[in-house]
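Every heavy atom of this structure was used, including side-chain atoms; hydrogens, water molecules and symmetry mates were not.
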Amino acid sequence: MAVQRGDTIGGFQATGRTLIGPAADLVELDDDGGLKHTAVAFHPEYRGHDAIGSALDVVVGFLQAPMVTGLVELVDVDRDQGAFVYPTGEAWSVAEVIRMLADLGESGGVRAGLELMYTVGQILVEAADVGESQGVYSHGGLTPWRIMLKRDGQVLVIGHALPQVEILQFHEDSRRVPREDSFRYCPPERIEAQSEDLTSDLFSLALIAFELMTGKPVYDGLVSDIRQQAARGEGSRRLFRFREVLPQSVRDVLAYAIKPERDDRYPSGNDFMESVRAVLSSRDAVGPSLMDLMRRVSRQGPRSGAAIQALEGGKTQMLSKEQIQKMLEDESVGGAGDGVEGRSAAKAWSPPPDRGRRRSRRTSRTDSLDESMDEAAPSPPSPEPTAPAPASDDGAPRWTAGARRSRRSRGDDSAATPRAAAPATPDPAPMRASGEKAKDLLEMIRSSGNGLQRSGDAPSAAELIDELARSSGGRRRGAPEPPAVPGGDDGRPRFAAGRTRRSRRDRDDEPSGPPPIPGLGAGPGLGAGPAASGASRPRPGRLEPLEPPGDAKPFTEPQRDAPPPAVAPVLAPATDEPPTVRDAAPVAAPVAVVPTATPAPTGPPPTPVAAATVACRPPALVSGGGGGEPVTFQLRTGPGQRPLKLRLPGGLTVADAVARLIGHPLPLRTDLAGGIVGWWRFARDGQRLPATATLADVAGGGVLDLVLVDNDVRRMTISGPAGAGAAACFVAPVGVAVPAATLADQLAGLLDLPAGSHAVQVGGVVLGPHEILADHPPAGVLVVVEGDG
């Protein structure tokens with residue numbers, strides 16, 4: 001039962017707008033402050049599925065704070081109603097936009113579809129990068145019901161990591177076949193129950209964008225047809241049908257994204273984005289933009305009540321099964337004027353007859369055609385031109401009965417039509433003879449099926465065909481080839497009369513031999529054709545063939561008197577030990593081994609004892625920083641980059657926040673050997689923020705910039721705490737962009753301090769675990785002190 005106005009889902013109140021989908025509905029909700037939300041409410045038969053139950057518990061933290069701009073966070077889950085709530089505001093799903101445009105007789109156009117691909121593609125690429133560490137590698141269920149469009153053209157993606165449970169249930173029980181729209185946007189690997197990645201989401205996105213551009217889905221038909229088409233990945237082949245609507249560049253991008261095999265698609269998300277951006281900036285991106293499109297859609301107003309509940313999924317060509325059945329019933333009761341001739345829907349189509357019945361029907365059609373020819377054309381035909389047809393009311397001449405005859409039955413009527421440089425009018429006598437012979441041939445063909453025997457003096461069918469071919473200038477199959485016609489102005493020979501015109505692939509101007517290999521230029525030895533001598537040259541990248549035995553040089557025996565080649569003697573290595581006597585008897589008693597000099601090592605240097613001590617030392621746990629109410633802030637990772645939307649506790653310092661983001665989503669900048677080359681910090685207006693400032697203080701000031709602090713080396717005097725057993729004081733180079741917790745752990749092992757928590761002190765200030773030396777003024781002394789524990 002659909003959600004009614006006033007019903008509650010997870011503490012939110014339904015407004016009455018419900019968009020029915022193939023396995024889940026989109027329900028618009030209001031919170032206490034009037035902010036609109038959108039809930040993905042699964043149908044009752046899917047609410048108990050584990051894929052949207054216990055399987056999401058391990059990633060619900062990432063779904064609640066995805067930290068990807070455009071990927072709407074999950075704010076509430078109602079297990080009883082199978083609903084997942086997202087704060088989208090007032091928005092329209094792509095499925096609703098496509099249907100509203102279809103009601104207006106319009107489609108989104110090329111530019112709007114490309115902008116949708118670019119914007120949603122960027123969201124999916126960032127979500128895949130961020131979610132990889134959380135075990136969420138793709139959206140998993142991208143459909144037109146999971147992409148929302150706001151009034152200003154902003155794109156939102158909801159339902160991340162919510163799979164298509166109807167497809168999973170279909171794999172478990174093949175008798176429970178989902179609706180058409182469940183298969184319409186599926187990549188082949190989802191139907192085959194294989195693993196998915198980012199290319200699977202881009203596959204579905206390309207199908208959705210295509211439907212927005214053209215107003216028609218790529219896969220169409222009944223549910224079994226759509227399932228087979230989607231399983232075989234036939235989308236790339238079906239794009240050619242829309243060559244009049246979509247430019248070649250757009251079809252190339254779509255075809256590359258919906259290849260059946262994942263290895264044949266775009267290698268990475270950035271390659272997909274670059275291809276879409278190139279087409280979007282070309283002249284092929286015609287039509288309204290996504291903002292213009294949503295401005296037109298928003299004028300219609302959001303549908304409410306029964307109007308939007310009528311937008312059901314599982315439609316074929318925007319018609320339901322009941323509507324198609326009603327159309328067939330209406331055709332079955334129509335008269336002959338409707339073109340159905342009173343046939344019922346069950347008899348509207350019948351299988352083709354066998355060959356015998358086809359031959360008899362073809363004979364009957366030939367009889368009726370011959371009778372119509374006899375009635376329409378006089379016998380013999382007159383060589384005089386026919387009188388002009390009377391003009392109609394608008395001045396255009398009407399077609400007469402003789403003008404409707406086929407070209408083969410015109411006889412000499414073709415002479416009445418003036419042509420440029422027409423030859424002299426032939427004698428009509430041979431034409432009349434040809435017409436009589438043609439009638440005789442038709443008569444013979446008709447009578448051959450009745451078993452009639454021809455008389456002895458009557459010509460056979462083969463003789464009649466020969467006479468007709470000779471009179472019309474043609475030739476029979478198997479006859480010798482006619483001579484070639486002299487060449488034209490361009491030097492190419494014209495086709496001889498009666499010859500079948502060759503296809504474009506057989507033209508004379510195409511190069512002969514094997515096709516060129518893509519990506520290889522014509523280098524030395526790679527001519528356009530074979531050499532003049534006829535010897536083929538070896539292909540590039542292969543070894544030259546050996547010379548044949550016949551061309552080999554004869555073997556010449558070396559001269560007897562020639563001295564043998566000098567061979568350098570192999571000398572034994574020099575040693576101080578006496579030579580071993582082979583005949584000496586083995587010694588039974590044990591012999592003491594005298595140590596000898598150890599050869600110089602050739603491998604890596606041995607690991608120092610201090611390094612081994614640090615590696616075996618149990619680490620002291622590092623504090624994660626303060627808590628507090630979560631705050632949302634935006635972080636720009638570089639010039640020209642879209643800011644990331646982050647949500648972290650407000651009590652964290654800038655140093656603690658960076659430490660939480662290292663590895664997810666920020667990488668740790670190291671060299672190839674693993675040494676740290678830099679550490680991240682936040683900045684605003686070109687000024688680096690203090691490491692001890694809290695997020696609650698800096699989050700409200702606008703977008704933050706991410707900067708890299710280079711790990712410069714500073715020589716410092718290092719000393720241990722007083723009273724330590726192995727305390728020492730020494731000078732060593734120290735990196736200024738290494739966290740203090742890492743320095744304290746390393747120095748505690750070098751100084752052989754007892755296990756426990758330690759910290760570093762510079763200039764009388766004890767550094768926090770995530771602070772770095774670059775956060776403080778330069779100092780020459782670094783002291784290891786006892787930590788808080």
Side-chain angles (χ1 to χ4, degrees), residues 1-49 51-53 56-57 59-66 70-100 141 143-162 165-166 294 297-313 629-632 645 647:
M1 181 177 179
V3 179
Q4 303 296 329
R5 183 181 181 88
D7 296 345
T8 58
I9 296 180
F12 300 89
Q13 189 174 8
T15 63
R17 292 189 67 233
T18 303
L19 180 63
I20 300 178
D25 302 338
L26 296 183
V27 182
E28 188 181 68
L29 306 173
D30 273 341
D31 61 359
D32 298 337
L35 178 62
K36 295 189 179 302
H37 293 61
T38 300
V40 179
F42 285 88
H43 295 170
E45 59 268 25
Y46 305 119
R47 293 174 183 174
H49 203 280
I52 57 176
L56 293 178
D57 295 339
V59 297
V60 68
F62 168 72
L63 301 182
Q64 292 176 350
L71 188 64
V72 187
E73 63 272 12
L74 179 67
V75 296
D76 192 82
V77 179
D78 192 336
R79 299 290 185 182
D80 297 334
Q81 301 187 34
F84 299 82
V85 184
Y86 302 89
T88 58
E90 185 183 21
W92 291 258
S93 67
V94 175
E96 185 179 359
V97 171
I98 293 175
R99 182 56 188 267
M100 295 175 68
T143 62
W145 290 266
R146 299 294 185 267
I147 304 177
M148 310 296 292
L149 300 175
K150 299 183 73 67
R151 188 183 299 269
D152 57 352
Q154 182 182 355
V155 180
L156 304 175
V157 177
I158 63 175
H160 195 72
L162 297 183
V165 292
E166 69 272 24
M294 289 308 301
V297 171
S298 59
R299 293 198 197 103
Q300 307 297 325
R303 303 192 179 197
S304 59
I308 194 171
Q309 292 181 8
L311 299 179
E312 300 182 1
E629 293 293 331
V631 295
T632 303
K645 184 179 180 182
R647 186 180 179 88

Problem set entry | Residue among Arg5, Glu90, Glu28 satisfying side chain to side chain contact (heavy atoms under 4.5 Å, CB included) with Arg17 | Glu28

Problem set entry | Residue that, paired with Pro87, satisfies side chain to side chain contact (heavy atoms under 4.5 Å, CB included) out of Asp76, Val75, Leu156, Leu74 | Val75

Return the [atom1] to [atom2] distance between [X] and [Y], rounded to the nearest 0.5 Å.
X	Y	atom1	atom2	result
Lys36	Asp30	NZ	CG	4.0 Å
Tyr86	Leu26	OH	CG	10.5 Å
Met294	Leu149	CE	CG	5.0 Å
His37	Gln13	NE2	CD	13.5 Å
Phe12	Thr38	CZ	OG1	11.0 Å
Ser93	Arg99	OG	CZ	12.0 Å

Closest non-hydrogen atom pair between [X] and [Y], with its separation:
X	Y	result
Gly89	Lys150	CA-NZ, 3.9 Å
Asp57	Val60	O-CG1, 3.4 Å
Ala51	Val165	CB-CG1, 4.2 Å
Leu29	Ala14	CD2-CA, 3.6 Å
Tyr46	Ile52	O-CD1, 3.3 Å
Gly159	Arg146	CA-CD, 4.1 Å

Does [X] use its side chain to pair, donor to acceptor, with the backbone of [Y] at less than 3.5 Å?
X	Y	answer
Lys645	Pro66	no
His43	Glu45	no
Asp25	Val27	no
Glu96	Ala91	no
Arg47	Gln81	yes

For this session: Could you label the plane-to-plane angle of the Phe84 and Phe42 rings as parallel, tilted or perpendicular, counting under 30° as parallel and over 60° as perpendicular?
Result: perpendicular

Problem set entry | Sub-4.5 Å side-chain heavy-atom contact between Glu73 and Leu63 | no

Exercise. In this structure, are over 12 heavy atoms from other groups packed under 6.0 Å from Asp152 atom CG?
Worked result: yes

